[in-house]
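Step one of this worksheet: look at the structure below.
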Amino acid sequence: MLDDFLVRAALAGLGVGLAAGPLGCFVVWRRMAYFGDATAHAAILGVALALSFNVSVFAGVLIVSVLVAALVSSLSGRDLGIDTVLGVLAHSALAVGLVAVSFLDGVRVDLMAYLFGDILAVSKVDVLLVWLGGVGVIGILWWRWSALLIATLSPDLAQAGGVRPEREQLVLTLALAIVVAVAIKVVGALLIAALLIIPAAAARPLAQTPGTMALMASAIGGLSSLAGLGAAWRFDTPAGPTIVCAAALIFAVSAAIGMMRRRLG
Amino acid sequence: MRLITAKGLAVRHVGHVALHDVDFHIDRGEIITIVGPNGSGKTTLLRALIGAIKPSEGTVERLVGLKIGYVPQKLHIEPTLPITVERFLSLPHKVSAAQCQTALERAGVPNLGRRQMTSLSGGQFQRVLLARAILGEPDLLILDEATQGLDQPGSAAFYRQIEAIRRDMGCAVLLVSHELHVVMSASDRVVCLNGHVCCHGAPDVVASAPEYRALFGSGTGGALALYRHDHHHVHDHDHPHPHTHEGAD
């Protein structure tokens, strides 16, 4: 069954979508949308480094994502707002990555595959990594759910309740790096943030509690992946962007429902 | 019984001394108010007392097993985060529905359990935070400018609720506030802070102390008197229970 490239693509897309949804909720709740972008853009540098040192792309991206996340946390303070730090790091890392790739002799790198994803080319190992990473991230969120939530609501209240907010921030950062590393082949560096944010945003008008919002975001993420892949196959469009289009369509429907509900009372 | 004792407390941040030579103690069941201008080290003192920051000098002793309930300054909840009052009370430690209900009743908002946090008014929101703080039956309730953003009748009602909670639960209360005239009348003791303890004692003693007047001007003295007058008025007609505000120092 895994010998069919379409089955592998569907499994990889589903895995990324299911994990990105709930993690995306935290990204939205903590106003970290730009953080996801920064990590994802930095991933291109990870790709370049991985190719030049001949290690797996997954490892390269994971390491660079974690490093960028750590840099962001340590640089943002009084002098520079977090948005400025992210802007500097995200675009510098992307630019350095693009330049570094051009130095790679002998290796013909299909940059487009990493910027926009190449889900139809995922291998069995890729599928395995996606699911290991995805299940890992969902596991982390499940395990630390209450602590993550209170740290998101208020670092002070977290502290008072015996939860260390910095540690929870670190947990989220690591989870984000993992999702970026496994998602880069599926939707590409430029669209990973979309898969984090759009399902969470689409789930918001339909949810009353954080838990239901996370579950719905997960479902919407998975559904977008499958529907987008199906549409890409049928209409012969690029898979990554089509997946994001599917998520955007679900968001539009959900936003309309939300608006109608508010009108009616 | 002493809940917290601080001796010779000093806290230095990079470049400046936030607090120095602070002696402070709080006993079971007391209501203590810390007043002081902006930047006088009020929040630093609170944080040192609960152990959130380490003192650079001096000691802080807390009763073994002391349970503290904390009501923060204010809390902004992202509208993107849907959460009901009940769920909010259950974080990070799960509590039963009955415990939630008791705490909400004590805080004066018995019917809010199912509401979304983002739909609450300012006064309701602070009472939910109060309910959260008393969930664990604390020995000491700490409120850091908890009535910021409430109007005057709103904060007066809020402090009456605190007094009622103190009566019910017997917990000590430590307040930080700049709303002197509202807060002080409910306090057993007032500590006036400006990097160090300027003066302390019963509310009327502090209000007439020259150090206090130097910090806040004599105008607040008048406001305090006005309020105390008003308080007695309400007291006679609407509040049949006796208030005891004798200084404990």
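In the text below, chain A, chain B and the rest are named by the order of the sequence lines, each starting its count at 1.
Contacts between Val28(A) and chain B at a heavy-atom distance below 4.5 Å involve backbone atoms as well as side-chain atoms. Both the backbone and the side chain of Leu81(B) have a heavy atom closer than 4.5 Å to some heavy atom of chain A.
You'll find the side chain of Ile83(B) reaches within 4.5 Å of the side chain of Leu153(A), heavy atoms only.
Contact tally against chain A (heavy-atom pairs below 4.5 Å) for Gly69(B), Pro82(B), Ala133(B): the top residue is Pro82(B). By number of non-hydrogen pairs under 4.5 angstrom with chain B, the leading residue of Pro210(A), Ala201(A), Ala147(A), Gly211(A) is Pro210(A).
Between Gly161(A) and Pro92(B), the shortest heavy-atom contact is O-CG, 3.9 Å.
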Go through chain B and chain A and list any donor-acceptor pairs closer than 3.5 Å, backbone and side chains both.
from	atom 1	to	atom 2	distance (Å)
Glu78(B)	OE1	Arg31(A)	NE	3.0
Glu78(B)	OE1	Arg31(A)	NH2	3.3
Glu78(B)	OE2	Arg31(A)	NE	2.6
Pro79(B)	O	Arg204(A)	NE	3.0
Pro79(B)	O	Arg204(A)	NH2	3.1
Thr80(B)	O	Trp29(A)	NE1	3.0
Thr80(B)	O	Arg204(A)	NE	3.3
His93(B)	NE2	Gly161(A)	O	3.0
Gln116(B)	NE2	Gln208(A)	O	2.6
Gln116(B)	NE2	Gln208(A)	OE1	3.4

